[in-house]
Amino acid sequence: MNELRDLTTGRVDAVASAQTSTEERKAFGGPLGATAMMVLLPLLTVYLWACVHLRGGALAVPDAELLAKLPLPTAKSVLWTVGWLGFQLALDLYLPGRAYTGFPQRDGRRLVYRLNGLLSLVVTLLVLGGLVLAGLVHGSAVLEQLGSLLVTAILFAYLLSAFLYVYGRRYRPEGPGNEPEVRLVMQADGSAAASVSSAVSADKLVYDYFMGTALNPRVGRLDLKMFFESKIGMTTWMVLTLLMAHADYESDGKISLGMGLVCLFQLLYVVDFYWFEEAMLSTWDINNENYGFMLAFGFVVWMPFTFSLQSQYLVYNVPDLSVLAAVGLSLLNVAGYYVFRTANLQKHRFKSDPGAKIWGRAPEFIQTRRGTKLLASGWWGLARHANYFGDLTMALAWCLACGVSHIVPFFYFLYFTPLLIDRERRDDQHCARKYGDDWTAYSKRVPHRIVPFLY
Ligand code: NDP
C-alpha cells in the first residue's frame, strides 16, 4: 500500500534520498541504456569470439555464413561450467583463509571477509598443471569448446542476476542507498507530497535487475560478490589464458614470444591481485556498487572471455616481435604495474594507518567534515586516480604483445580507456556528494583526474 507523506512535515531526508536515487537511476542511460547493455554486451562478446576463432582476428562482417557458425551451449560446456563452479566454490569454502574486517560500506555496515585467494589460485594451477601433464586436460579441447563455454556463461550470468535481484528484494537491508522508491505526487489541494512505493514498475525492475538490489549478498558464509569477482572472474581468466598457451603449444610444439609475454604479464596481474587481496575491500565495487547484472556479467563473462582475448588471438597468429620489442613491452608493463600497485597501496595503507610515510615523507591530507581524511600526496597528490593510469599502461603492453596487424586484440585497451574515464567521473560525482566542499578543495589541489600533469 502506498504511504503518503506530506513534504511540509519535514520528510526532507526522504526526498533527498529520492533525488539521489533518481540521479543514480540515470547512470548508464537509465532503464533504456541498461536494457541495451544487457542485449548488446553479450552479443559483443560472441562477436569478438567469432572474429578471433572464425576469422583469425580480423573484424568480421556478421553475414549468414558467420551467423550459421555461432556457438550454442553443449552438454560438455554445461558440465564443465558446473564442475568448474563447484571446484572453485569448494576451494573458497574449505581452504583456510585470513579474516579481514571490511571498510564501512555505502550503508555504513562493516562485513568480515575470509580471504584465501592466493592459496586457492595456487591449488587451482597445481591441479590444472597436473591434469595437463597427465594428458587429461588439453588446451586445444578447451579452445574447441570456448564458444559454447562463452554462451553457457552468458546464460548463467542472466540466471545469477535473477537470483541476485530476488535476493536483494527479499533481504534488502535498510540504510542509505537502499531507500524505497519515492515519487512526488500532486494532492487534491494542489500541494506536493512524496509517495513511498513498494510497487515495482517495469522500468524499475529492469534497472534494478541491471544495477542490482543488494550491496553484498551472502549465502551462509559465501560472499557472492567477492567469490564471483575473484575466484570466477580473475581465476577463470588466468586459467583460460594458460590453456590458450597450451593450445598454442599443442598446435606447433612451441609457445610464441608474444604468447609467453601475455601469459607472464597477466600472471603478474592476477598473482598481484591475490597477493594484495585485502586491498579489494576498499574498492568502489565492493563498498558502493550493488550486485546485479552489470557486475555478474562482468565477473562471469566479460573478465574471463574478453580479458583472455589476447591469448585466444595468439593461438592463431604469431606476431613478429624482436627481442628489443619484447624488452620494451616488459618495461612498459613493469612501469604500469609500479604505478598501479603503489597508488593502490598508498591509499589502502593511508586508510589503515594515516601516519605511515609516503615516498619517505609524512602524508599530506585534507581532513573532511565527515571525520575521514583524503590523501593529497604521493600518487594521490599527482592525479585523483593515477591507479587507473597504471592499469591502462599495462593494458597497452598486453595488447601490443599481439603485434599491430589486427585491431581485435586491442579491444581490451580500447574499451578499458572509456570505461575507466567513465568510472572516474562516476566516482568523482559520488565523492562530491559524499564530501561536499572538502572534495572541491581536494579537486582544486589535485586538478588532474587520471594522468599526472596531463588529464
Ligand atoms: P579506487 O580504488 O580508486 O577507489 C575509489 C574510492 O577511494 C573513492 O570512492 C573514495 O572512497 C576513495 N578515495 C578517492 N580519493 C581518495 C583520496 N584522495 N584519499 C582517500 N580516499 C580516496 O577505485 P576502484 O575501485 O575503481 O579501482 C581499484 C583498482 O581496480 C584500480 O587500480 C583500477 O585500475 C582497478 N580496476 C580494474 C578494472 C578492470 O576491469 N581490470 C575495473 C575497475 C577498476 P571513500 O569515500 O569510500 O573513501
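First listed ligand is number 1; within each ligand, the first listed atom is number 1.
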For ligand 1, the portion of C431 having any non-hydrogen atom under 4.0 Å away = side chain

How does W284 reach ligand 1, by side chain, by backbone, by both or by neither, if only non-hydrogen atoms under 4.0 Å count?
-> both

Look at ligand 1 and say whether N287 reaches it with a heavy atom at a distance under 4.0 Å.
-> no

Check whether any protein heavy atom sits under 4.0 Å from atom 30 (O) of ligand 1.
-> no

Please write down residue, atom name and distance for the protein heavy atom closest to atom 47 (O) of ligand 1.
-> K434 NZ, 3.0 Å

Could you tell me whether F365 approaches ligand 1 through its side chain, its backbone, both or neither, with non-hydrogen atoms closer than 4.0 Å?
-> neither

Taking the six-membered ring for Trp, are the ring centroids of F307 and Y412 within less than 6.0 Å of each other?
-> yes

At the 4.0 Å heavy-atom cut-off, does Y412 count as touching ligand 1?
-> yes

Heavy-atom closest pair (L261 atom, S330 atom, distance to 0.1 Å) is CD2-OG, 3.9 Å

Contact with ligand 1 for F307, non-hydrogen, under 4.0 angstrom = yes

Heavy-atom contacts under 4.0 Å between L375 and ligand 1: side chain, backbone, both, or neither?
-> both

Would the F273 and W237 ring centres measure less than 6.0 Å apart?
-> no

Which bit of F389 is near ligand 1, meaning a heavy atom under 4.0 Å away: side chain, backbone, both or neither?
-> neither

Nearest to atom 32 (O) of ligand 1 by heavy atom, T283, N344, D391: which?
-> N344

With heavy atoms under 4.0 Å as the rule, classify the contact between K351 and ligand 1 as side chain, backbone, both or neither.
-> side chain

F416 and ligand 1 - part of the residue with a heavy-atom distance under 4.0 Å = side chain

Nitrogen or oxygen of R384 less than 3.5 angstrom from that of ligand 1 | no

For atom 16 (C) of ligand 1, grab the closest protein heavy atom and report residue, atom and distance to one decimal in Å.
-> L374 CD2, 4.0 Å

Where does K347 meet ligand 1, judged by heavy-atom distances below 4.0 Å: at the side chain, the backbone, both, or neither?
-> side chain

Is F103 in contact with ligand 1, taking contact as a heavy-atom separation below 4.0 Å?
-> no

Output yes when the distance from some N or O of ligand 1 to some N or O of Y435 is under 3.5 Å, and no in every other case.
-> yes

Relative to the heavy atoms of F340, which atoms of ligand 1 are at a distance of less than 4.0 Å?
-> 32 (O)

